[in-house]
Every structure is written in structure tokens, then in C-alpha cells.
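The chain is numbered in sequence order, starting from 1.
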Amino acid sequence: MTGTPRTLAEELRTRTDRGLVGLLRARPDLLNPVPGDVTQLATRAGTRASVVRAVERLDRFVLQTAEALAVAPDPCPYDTLGALMGGDAGDPAVAAELPRAVAELRAQALVWGPDDRLRLVRTARELLTPSPAHPSPTGLGPTVAEAMAGMSPGRLQEIIAAAGLPTTHDPVTAVAALTTLFADRVRMAALLDTAPAESVAVLDKLLWGPPYGAVTDRPAPHLQWLLDRGLLIPSGARNVVLPREAALHLRGGRAHRAAEPVPPALSPATERDPQLVDNAAASQAFTALATVEELLKEWDLGGPAVLRAGGMSVRDLKRTATALDTTEQLAAFWLELAYAAGLIASDGEADERFAATPAAEEWLQLPDHARWAELAAGWLAATRAPGIVGTADAKGRALAVLGPHLDRSPAPEVRRRALALLAALPPGTAVPASAVLARLRWERPLRGGSPAAGQLPADDAPAAPGPADDLRSRLAQWTLAEAELLGVTGRGALSTHGRALIDSPSDSTAPTPAETTAAATRAAALLAPLLPEPVDHVLLQADLTAVAPGPLRRPLAEALGVLADIESKGGATVYRFTPGSVRRALDAGRSAAELQEFLAAHSRTPVPQPLAYLVDDVARKHGQLRIGAAAAYVRCDDDALLSEILADRRAAALRLRRLAPTVLAAQTSPEQLLDGLRAMGYAPAAESAAGDVLIARADSYRTPPRTAPAPVPDGPPSPDPTLLAAAVRAIRAGDLAATAERKPVQAPAPAPGGFPRTTSAETLATMQAAVLTNSALWIGYVNADGAASQRVIAPVRVEGGFVTAYDHTSDEVRTYPLHRITGVAELADDSV
């Protein structure tokens, strides 16, 4: 195609396949469904929903360029656009970056036309053009022609006469003369030199917007001076507006108060030793693993109930925070982290409650670095935002942890981008969170809610949030805090394994699952040498405590967790032995000899005498009393001990009576009887109907198999190269069918929609001739659903009432029934 394109569709036809692929990659919503031809692609690219989504993803300078085009003449020469962006004095930084901004708008089909006739697509112009209801971020008002529309011809003549212009014979030339005056820097400066100082002060107040003001029925002289010369134009009963051309003169030709061609610098930067950063991150990663493991242990027998509306109650969240020794907000993060990794879920029973999943058992058996990789990968891809737990939804209801309505689709993109900004810094370099937030707001000003960029107009849009209160900024703040908690960063800088976690060969912000898995595996391998090696011993002390000098191996930690209570955590965990903890180990089926052997085998110090005495003393009393089901009974070979129990007033609630010298019966359940006697200081053991001691090992409660929650996508997924290539081929083929030159069709009447129409005999003869000459044909076709379409085909075989042909529209070989072909026409010789 030659000459200047007249429409966006014509310009898209001139693009290379690579250019169309770039457009479809930048705006994947255009692919659903794949456009039938270039005209459909251009039409879809101009729809409001698609344009809004594309404009929301522009960086601040590209958006400022689009806003300048919205207030510029249509079409706009490149030099005029450059003057609006850089002002009369020019700006080297703006001049250097403006070609990139225009190229970006062109690539996304928001601007088309050559440099001397740049056109913003109509929908984008409607979105960004100033109006009283939706002021432009430029702060400019309507043009002179727009503001004076409907003004009486007599009043127009009075205004241009007061401005020192000759009168005209019609309103159009009067408006044109005033517009030319305001755009003339020399004459406009001379006019303003005669203005009262108060008038100039009024213009200064309206200069950068909003351009509207209020006046009384009898304006003050300095206001009347402006009204008489058209520097303020009435806009309603008591409102006035500063016309665009006058404002641009006062601004020195600039559309924006401050153009921002360069993103904010990530500064001030603090350089730290990369090894110290990695060690700090690894230490926090180990703490994260311990916290999640403790959560799973806390819920080993089942977690809290699920609220009717979903999620956990505030009371259960407080209880979980206490168990994890953290705040409620951090407890919400750890709960959501485990949920995102598929380690906890609801059990789906009638009395629904949360519990660990079967996947948690597999996770607990993995090495520490592999367990961390699963948590980090789940966090990076999750769309749920723990930071909004406790805030109110649209109906004023508090959002519950693990409940619905916590998904925020931009979260994965914000996390990756925030970490990518840290990855762009030298290893070990940290910057303040405010610097990261400023850069993110520059990259996505509309999504970031920055007042400098404004918001796209909507009829029911709420007030724009401040720069620190919008969702994207809050997600970024939470990302930096959560990355530190998880050990992705250390001391504010991205760790080596954190860099590997976000590193992927994909150009998209959403890598494929295979790329995510590979990155997590690389990150785990880098983290493994930094994590402490599990130890297989403890240090027993005479004060009935044991000190673990590091993380214990899992079998040892589980066994010691039954035999002793954790007293303190940290680099060295302190366990305390008590009569209750020793009894718990005996209830789990261990004998005194086994406990003594276990302690001796796993202690680097001799077993202290007080600890050995404690084990033997509790074991000697353990099982002396036997509890069984009568409703319940107490059996003991020492009848004096039973007499002692009967005489104890604390046993009144158990309602005991003697059945035999060595047997007491109770009117409570065996569990209540066990708890009651233990509260009195005894050490009873439960027994079976056969008289054997029952081992009181608690069984773990697990949900049925559950999958991790699926992230909520932020719009259509990024298309892969194969889909993009196939879509471009289909669009090209469809465009060929729609635009190919055809030979005249001799037909009695055209078919509906302009499709060719021939008789069955003519259709068959033309098809057979095309097979012999290997030529392409234009056909009209009606499918089984009655939908009509036009296609370009190259017939290969005609037999049995069917034609087999290569379909240029769908880029494949297909078979068509002849009776569904409305007609056929030959293409011009140079069409295919």
C-alpha cells in the first residue's frame, strides 16, 4: 500500500508481522477471539475497554505525551507535539525521550499516521480530552472555539474589538481571529502588558488548573477586563473558564507543569556486603520455615472452625498469633503463605474447619532449601493480599484471613516488578521503600493513582487516592516487607537466591509455570549452603533443660518435642523437662529405660542426675492407676492409694465408689477421669478392655487432598510465541479474503452482504477449472449454523459434492459441501 494511511486499519496493514506480534503481545485482550482480519483488529483496538486497559499500562511520560496529543490539533505535527511537551524554550531530556514515547503509542495502536499528521485514536482522545466533568491532568480547559460555542454574534464582536482586533462578518472568523491572537506570542504579550495587576493574578491562579472559576453577577473591574477580551469566557451562569490557547501562552507553550521523561532514580543507595545480605536473608528464611512448621504443628489435630461467610474469626486469628508469638497482621501473612503453598485448607466437612493438607506431610519431609522454594514460589505467584485482612469491603464487612475477597489481581506483577527494581541494583545495594514506590508510580501512573497523572474518567469513579494510599503502592509496600520476612531480601537488599527466584528468560511479567519452577530450583540451590546444617544432639543441663545448639534433625526434634516443652526459641532452642512432659512421652508408649537411652544417645553431656531421677520417678508412678470404661473405672494393686483418692475432697466431682479393694467405679468418661486424677497430681494410664495400656499418641488430622488456590488473573494471559504467530497468519489470511481484488461476477443478483452468487452448475464448473489451473477463488459460504462468511480458497479436488481446498482465511486445508457455497468468483491475477 502506498500513500498516507487514511485509517488505523490501513496503517496496521502496512506493519510487518513482527509489528503485529508486538501489538498483540502488548495488548493481549485483542486476541480473544482472534480477529478475522485487520479491519476487525483495528475496530477492537479502538473499543473503550481495550483502550482504557492499554492507557492504564503506559508509563508517566508516554501518558503525558498522549495527554498532550489530546489537547493538540488533530492531526498534530511532531514539532507541535514537541513544543507542547518541552515548551517554547525546549527541554533536551524531553526531546531525547519523545521519539520513544511516540513509538510506544504507535506500537500499541493508540497513535497512527506519519510524523507530520499524528492522530490519537478517537476513543483515547475522548478519554483524555479535558471536560468540565473530567478535567485533564494537564490542567488545560477547552479551546476558544469550544468555550465560545453558542455565544451571541454581537458579544463575539465586542470581545474581538476590546482585544484590539478588527470586527468580522461572522462568528467563525471572529473565533478564528481571537484564537490566532492568543497563539501569537508577541501580540499576546503586548495585550497582557496592558492588563491590571489583579487581572494577571487571577490568570496565575487558573494557569495550571483547574481552569474554572466563579464570578458574581457584577464582576469586579479586573475580572470584567478579562471577560471583555475573552481571556476568561463564561461557562455557565456564574462560572468562567480560561481558554486553552491563553493558558498555553502563559505557560510558555507547555502542556504539563513538569514533564517527566526520565524515571525517578532509585536513591539514596546503601551498599552492603553481599555476603552479609545473603546470610541475613538465609537466617530469615530459616525463621520463616520454622514459623510455618510451628503453624502446621499447632493445627496437627485440626485448626479453627470456618466462618459461615468463609475465613477465620478474629478470635481464632488472635489465638494463632499468640501460638506463633507474633502480631495478628504477621499471623495473617503466615496463614496466607501456607494457604498459597497448599499446606492448609478447609476440610469441607459439615462442621467445616481448617487443617493441614496431605501436601503438608510431603512438604515437611523435604530439605529446608526445597521447602523454602515452594513457599517463595507460591508467594510470588499468589494474588491474595494478606495486608488487607481486617479492612472493610465494599459493604462495610471486615475481610477475614483465609476468607474470600482477598484476591488482588495486580499483586504478582507488582511483586515481580518491585523485586526486579532491586535486582537492577548492584549486589548488596539497598534503597528506601519510598524510592521503589516512586519508580512504580512513574511506570504505572494511572494504576498507581498519582495525582500528577490523574485517573481515566468514569461516570461513577470515586475520588482518586493519594500517591501512598492506592492499591498498587500498598501492594509494593507489603511486597518489600513480606520479602524480608520470607528471606528473599536481607537488610533491605535483594539476596543472591532472591535474584535467582525472579530471573526468567521470558519477556513477560508473568513467566510460564516451567520457568517459575526452574527459577525456584535455582534459588533453592543457592540458598542451601547458607542454611544451618541440622544437628543430631543436644546439651542436657542440671536445671532440667536441654539446649539445641542448632536446628535439630526432624526425628530428634519430633521425639524431643514430646518429651520436653519448648521454653525459648532462637539460634539455640531451649527445652524444659517437666513431670507433665515426661508423662506425655510415657503416654506415647515409651518406657523409662527407652527414655533414658534416648537422652544418653543424643546428648553431648552426661544425663544429669536430676533429669534421670525425674524420668524414673514419673515412670514409677505412671500406670500405677489404670483407667478403663465402665462408664469408667480406676484399678490399682495398692488399695491404700485408692482409699487415699476416695478420701480426697477434690475427687468429689468424679463421683467415685469402691467396687472392690483394688477397683473404683466413676460416673464420668475415661477421658474426664484421666484429666481429673492428673489434676490431683496422680499419673494414671488408660487401659484397653483386655487390660493393656493404651498408647495416647495423637493422630494427625488432615484434610482431603487439596490444591493450592489458583491466582486470579489480571486480564488475559500473555500469549506465547506460537499463538502470536498463528494469530498473525490468521489475520493476514482473513485480510486477504476481505481485500483481494475480484473479477466481475456475472450474476442475476448479489447475495446478502455482497457475497458472490452463482448457480450450482457455474460453481461446479469454476471449481473444476480452478483445480486444473491451480488458481485461487473467492467464495461465499454459509456454515451449519447459518452464519455467512467470505473466504479465499485454492481448490485441490472436487468430487462427491465436496470441494477440498487450501483456505487462505484459516491457513489450513478444509473440505466444503458445494451446496453451502453461495457463489464463486475468480480473483484478479495479482491478488494472491
Side-chain angles (χ1 to χ4, degrees), residues 28 57 281 285 288-289 292 332-345 357 359-360 362-363 366 369-389 401-423 440 444 447 471-472 474-489 494-495 497-527 706-720:
R57 293 182 172 273
L289 294 176
V292 175
F333 166 70
W334 296 118
L335 286 166
E336 288 290 342
L337 178 67
Y339 181 57
L343 305 182
I344 60 174
T357 65
E362 301 175 5
W363 181 80
L366 294 174
H369 61 278
R371 291 194 292 147
W372 177 86
E374 287 198 11
L375 292 180
W379 167 76
L380 199 58
T383 55
R384 295 176 64 84
I388 62 176
V389 169
V401 62
L402 301 182
H405 313 306
L406 292 185
D407 285 289
R408 297 296 182 268
S409 54
E413 178 196 349
V414 173
R415 288 195 192 104
R416 283 193 168 275
R417 186 56 193 149
L419 296 180
L421 291 176
L422 296 180
L440 290 175
R444 293 288 187 272
R447 288 196 161 199
L471 175 62
R472 190 176 173 86
R474 286 183 291 154
L475 287 172
Q477 290 173 327
W478 297 331
T479 292
L480 297 177
E482 292 166 1
E484 196 77 15
L485 288 172
L486 196 52
V488 176
T489 59
L494 192 64
S495 63
H497 50 274
R499 291 174 185 272
L501 183 67
I502 64 170
D503 183 28
S504 68
S506 175
D507 294 336
S508 171
T509 55
T512 64
E515 292 173 343
T516 300
T517 302
T521 302
R522 292 193 299 270
L526 293 171
L527 176 65
R706 294 282 190 267
T707 57
V712 177
D714 184 23
S718 298
D720 58 60

Legend entry - Under 3.5 Å donor-acceptor, T383 side chain and A411 backbone: no
Inset, instruction - Please name the pair of heavy atoms, one in A520 and one in A373, separated by the smallest distance, quoted to 0.1 Å. - result: O-CB, 3.6 Å
Inset, instruction - Give a yes or no on whether the backbone of G342 and the side-chain of T357 come within a donor-acceptor separation of less than 3.5 Å. - result: yes
Legend entry - Short side-chain to backbone donor-acceptor contact, R444 and R57, under 3.5 Å: yes
Legend entry - Audit row: W372, V292, side chain to side chain contact (heavy atoms under 4.5 Å, CB included) steps and yes/no: CA-CA 10 Å; W372 177 86; V292 175; over 6 Å; no
Inset, instruction - Search all heavy atoms of L343 against all heavy atoms of A359 and return the closest pair with its distance. - result: CD2-O, 4.2 Å
Inset, instruction - Report yes or no: does R474 contribute a side-chain atom to a donor-acceptor pair with the main-chain N or O of I388 at less than 3.5 Å? - result: no
Legend entry - Atom pair CD/CG of E413 and L440 - distance to nearest 0.5 Å: 9.5 Å
Inset, instruction - Quick one: closest heavy-atom pair of P719 and P28, and the distance? - result: CD-CB, 3.7 Å
Inset, instruction - Can you measure from CG (L485) to CH2 (W334) and round to the nearest 0.5 angstrom? - result: 5.0 Å
Legend entry - From T489 atom OG1 to E482 atom CD, the distance as rounded to the nearest 0.5 Å: 11.0 Å
Legend entry - Straight-line distance of L422 CG to I502 CD1, nearest 0.5 Å: 8.0 Å
Inset, instruction - For the pair R415 (side chain) and L475 (backbone), establish whether a donor and an acceptor sit closer than 3.5 Å, ignoring hydrogens and angles. - result: no
Inset, instruction - Considering non-hydrogen atoms only, spot the tightest contact between G403 and R384 and give its length. - result: O-NH2, 2.7 Å
Legend entry - Under 3.5 Å: donor-acceptor pair, side chain of H497, backbone of G487: yes
Inset, instruction - State the OG1-CD distance between T517 and E515, to the nearest 0.5 angstrom. - result: 10.0 Å
Inset, instruction - Taking the side chain as every heavy atom from C-beta outward, state whether V414 and L471 have any pair of such atoms under 4.5 Å apart. - result: no
Legend entry - Side chain proximity check, L402 to I344, heavy atoms < 4.5 angstrom: yes
Legend entry - Test item: P709 and Y339 side chains (from C-beta on) under 4.5 Å apart, heavy atoms: yes
Inset, instruction - Search all heavy atoms of T516 against all heavy atoms of R416 and return the closest pair with its distance. - result: OG1-NH2, 4.1 Å
Legend entry - Side chain proximity check, R408 to R472, heavy atoms < 4.5 angstrom: no
Inset, instruction - Could you pull out the closest heavy-atom pair between A376 and L486, with the gap in Å? - result: CA-CD2, 3.8 Å
Legend entry - L380 vs L419 side-chain heavy atoms within contact, under 4.5 Å: yes
Inset, instruction - To the nearest 0.5 angstrom, please state how far the CD atom of E484 sits from the OG1 atom of T479. - result: 13.0 Å
Inset, instruction - Show your reasoning for whether side chain to side chain contact (heavy atoms under 4.5 Å, CB included) applies to E362 and L366. - result: CA-CA 7 Å; E362 301 175 5; L366 294 174; 6.0 Å; no
